Amino acid sequence: MRRPLSLARGLVWFRSDLRMQDNSALYRASQCCEYLAALFIACPHNWKSHGEGDALVAFRMACLHELQTRLQTRNIPLYCLNISTFSQVPKALQQVALRLKIEGVFANAEYPINEQRRDHAVRDILCKSGIHIEYYSDRTLLPPGSVRTGNGEPYKVFTPFKRTLLQLCAESAVNPLPVPRKMPILDGGSHWPKWLEMGRGVRLTQKIPSQLPHYSIDNTVTGMVKGWKAGEKEAQKRLKLFGERITRYQAERDFPALDSTSRLSPYLNSGAISIRQCAYMALSLNDGNWQGGSEGIACWISELIWREFYTHLLVDFPRLSKGQPFKLETERIPWVYNQKLFDCWGRGETGVPIVDAAMHQLNESAWMHNRLRMIVASFLSKNMLIDWRWGERYFMQHLIDGDFASNNGGWQWTASTGTDAAPYFRVFNPYSQSQKFDPDGTFIRRYIPELASLNNREIHNPPPVSGYPQVICDVGAGRKRAIAVFARLK
Ligand SMILES: Cc1cc2nc3c(=O)[nH]c(=O)nc-3n(C[C@H](O)[C@H](O)[C@H](O)COP(=O)(O)OP(=O)(O)OC[C@H]3O[C@@H](n4cnc5c(N)ncnc54)[C@H](O)[C@@H]3O)c2cc1C
């Protein structure tokens, strides 16, 4: 419980929480401030250095447009500041707060290390100016650091983490927060300024930029990015529709040709929907139970907890944010740095149909099915022995749902460098995965028309076909080499 607070003017600083419903910082600000404004700070230079790609940033900006419209209905103007790097944020935010006569700033915590450092610096500078600042834990079901072993240590293995988390979650109800109240118009008629010159060419405006340095984000105008409609309203619609098929989730989730997963990841990562809203929907269809009941629902909750697990790990093990593997001994692996082979993988030209179809899905739609993420990641990091960090970065540059914690966790799991990772001798066989999860080749045919006429047996490992590449590496030999180099680490 936070202490009661009563402020005249508050500022909600939006980051990866672009929604009005169930937003801890926004709700609290609306409760304790008389007047409220909102701010988003675009830092394209930093985003680029974090590997964030066009689709991710375009989707974020499109969500921001929708949020601005929704906030207007609550008399909360959303300002946008376009600066270059995180290091400029503290000073800029201080200036904005002083110019708008803000008494308190409210934000939801972000966990990668650069974001944490930025937020500490903001806290310091605002405190020096006598401006109140509050950060909320809003991105996860439980705050990072709160799920501990009996010895007070962080969990390094998923299953016991999940068990403890579920026990803790069952002790308190999940109650998503309502939208904020309608705020009074500032000073009974006069308005928040439309824009302010901040000096050095920086302008605080209520206009969301349609262009950003380093990025091509033109499609934000339509609110549609590569077929993904942005915003909170669309996220709620998807959640509701998914609720109608959630009981089939466990049985169908591994088949990429089926539309059986929720496809909520871009919305969760931009914050257009909250993790509590997702859990609330699942619980309400499962008689309030976190475990048991429908296998499909329990399985989906478990996937939400993988996201939770990776986010908690990020906070407990800062080296994950610094490009280091969880298992430090895997730094000794003689990774292959072959740009040509890597580019073939990226373009979906490996000659292994399921891998290529998956990469086409990513390149064309900015999203990839989870089963395929594991297959292509295993192919790159095990069969080709290419450094998993190359793949991690490629994913970040192309995914619309790029999330540092889940992406890093997924790559390290597959490459066997992570905590609770796949055992090193477990190398996905792309051909048998293909036969098992795309048995009649429907998914492959959708993305590789050159193979469409092959029969269901040939399509997984085709004979030479005009217009389709020969396989670029020896899959079996690659597997043996990977197992051997990992075994030598012992
Ligand atoms: C190599 C690799 C890289 C990945 N990179 C990302 C990434 O950048 N961003 C991202 O959100 N997910 C990532 N994942 C996890 C997972 O593939 C996606 O979350 C999932 O495919 C999104 O589709 P969905 O929303 O339909 O998921 P659903 O199956 O409907 O699951 C619901 C939600 O649970 C979470 N979730 C599901 N599976 C996982 C998982 N294995 N790990 C963590 N969270 C999970 C996601 O938030 C997802 O939206 C990665 C997985 C791998 C193997």
Side-chain angles (χ1 to χ4, degrees), residues 16 50-53 55-56 59 112 139-141 158 161-162 228 235 238-239 241-243 245-256 258-279 281-282 296-314 345 355 358-359 361-362 365-382 386 388-422 426 428 433:
S16 49
H50 289 172
E52 298 183 1
L56 179 62
F59 187 75
R139 199 167 170 77
T140 46
L141 288 165
F158 175 73
F161 171 87
K162 175 180 157 186
W228 294 85
R238 283 176 183 245
L239 181 66
L241 284 174
F242 176 66
R245 55 180 202 276
I246 191 172
T247 51
R248 302 201 304 271
Y249 179 75
Q250 191 192 29
E252 296 181 355
R253 71 184 172 127
D254 277 317
F255 296 88
L258 303 177
D259 187 15
S260 57
T261 67
S262 69
R263 299 200 182 211
L264 281 167
S265 48
Y267 303 89
L268 273 163
N269 292 330
S270 63
I273 198 166
S274 78
I275 190 72
R276 285 180 302 273
Q277 290 172 315
C278 293
M281 181 281 285
I297 298 175
C299 181
W300 196 64
I301 290 176
S302 198
E303 293 308 312
L304 298 181
I305 299 174
W306 272 105
R307 174 183 181 274
E308 187 91 2
F309 181 53
Y310 289 140
T311 310
H312 284 228
L313 282 177
L314 205 59
W345 174 85
V355 172
M359 295 308 291
Q361 181 180 44
L362 174 61
S365 73
W367 185 86
M368 192 194 286
H369 187 278
N370 180 59
R371 169 63 45 184
L372 302 175
R373 294 188 203 208
M374 293 191 283
I375 294 173
V376 303
S378 174
F379 189 75
L380 186 83
S381 63
K382 297 275 181 68
I386 288 181
W388 57 272
R389 284 163 284 217
W390 280 22
E392 180 196 19
R393 195 162 180 85
Y394 188 93
F395 265 31
M396 205 63 190
Q397 286 166 341
H398 291 83
L399 281 170
I400 196 167
D401 67 9
D403 168 65
F404 183 77
S406 297
N407 194 35
N408 183 272
W411 274 95
Q412 294 222 43
W413 184 89
T414 318
S416 304
T417 63
T419 176
D420 198 12
R426 183 168 170 212
F428 284 60
Q433 289 282 312

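Note that the coordinates shown come from a computational prediction; the quantities given were computed from them, not determined experimentally. Atoms within a ligand are numbered from 1 in the order they appear, just like the ligands themselves.
- Remark: aromatic rings of Tyr267 and Phe59 are close, center separation under 6.0 Å.
- Considering all non-hydrogen atoms of both residues, Ser302 and Lys162 come closest at OG-NZ, 3.0 Å.
- When the heavy-atom distances from atom 40 (C) of ligand 1 to Trp306, Trp367, Phe242 are ranked, the shortest goes to Trp306.
- Looking only at protein heavy atoms, the nearest one to atom 11 (O) of ligand 1 is Asn269 ND2, 3.0 Å.
- Regarding atom 15 (C) of ligand 1, its nearest protein heavy-atom neighbour is Asn370 OD1, 4.0 Å.
- Evaluated by nearest non-hydrogen atom to atom 2 (C) of ligand 1, the leading choice among Gly410, Ala377, Pro266 is Gly410.
- At least one heavy atom of Trp300 sits closer than 4.0 Å to an atom of ligand 1.
- The aromatic rings of His369 and Trp367 sit perpendicular, their planes meeting at an angle over 60°, well past the 30° parallel limit.
- Between Leu264 and Ala235, the shortest heavy-atom distance links the atoms CD2-O, 3.7 Å.
- Nearest protein neighbour of atom 12 (N) of ligand 1, counting heavy atoms only, is Ser406 CB, 3.5 Å.
- Centroid-to-centroid, the aromatic rings of Phe242 and Trp300 come within less than 6.0 Å.
- Ligand 1 lies less than 4.0 angstrom from a heavy atom belonging to Met374.
- Considering all non-hydrogen atoms of both residues, Ser416 and Lys382 come closest at OG-NZ, 2.9 Å.
- Closest to atom 13 (C) of ligand 1 among all protein heavy atoms lies Arg373 NH1, 3.3 Å.
- Separation of the His312 and Phe161 ring centroids falls under the 6.0 Å cut-off.
- Residue contacts with ligand 1: Tyr310 is placed with no nitrogen or oxygen under 3.5 Å of a nitrogen or oxygen of the ligand (distance criterion only).
- For a threshold of 3.5 Å applied to N or O pairs, the pair formed by Leu264 and ligand 1 contains at least one separation below that value.
- Proximity of Tyr249 to ligand 1 is established by a heavy-atom distance of less than 4.0 Å.
- Glu392 approaches Asn408 most closely through the heavy-atom pair OE2-ND2, 2.9 Å.
- Near Leu304, with a cut-off below 4.0 Å to any heavy atom, the atoms of ligand 1 are 32 (C), 33 (C), 34 (O).
- Of the polar atoms of Arg263, at least one N or O is found under 3.5 Å from an N or O of ligand 1, judged by distance alone.
- A donor-acceptor contact closer than 3.5 angstrom is absent between the side chains of Trp388 and Thr414.
- Taking the six-membered ring wherever Trp is involved, the centroid distance between the rings of Phe395 and Trp411 falls below 6.0 Å.
- Using a 4.0 angstrom heavy-atom cutoff, Gly409 does not count as in contact with ligand 1.
- Here Phe158 contributes atom CZ and Asp420 contributes atom CG; the two are 8.5 Å apart, rounded to the nearest 0.5 Å.
- When each atom of ligand 1 is checked for a heavy atom of Leu268 under 4.0 Å away, the hits are 47 (O), 49 (O).
- The protein atom (non-hydrogen) at minimum distance from atom 30 (O) of ligand 1 is Ser262 OG, 2.6 Å.
- At a 3.5 angstrom cut-off on N or O pairs, Glu303 counts as close to ligand 1.
- Comparing Asn408, Asn407, Asp401 by heavy-atom distance to atom 9 (N) of ligand 1, the nearest is Asp401.
- Across every non-hydrogen atom of Met368 and Gln361, the tightest pair is CA-OE1, 3.5 Å.
- Heavy-atom proximity to Gly402, at under 4.0 Å, picks out these atoms of ligand 1: 8 (O).
- The N/O atoms of Asp403, backbone and side chain alike, include one that comes under 3.5 Å of an N/O atom in ligand 1.
- Between Tyr310 and Trp306, the distance from one ring center to the other falls under 6.0 angstrom.
- The protein atom (non-hydrogen) at minimum distance from atom 22 (C) of ligand 1 is Ser265 OG, 3.3 Å.
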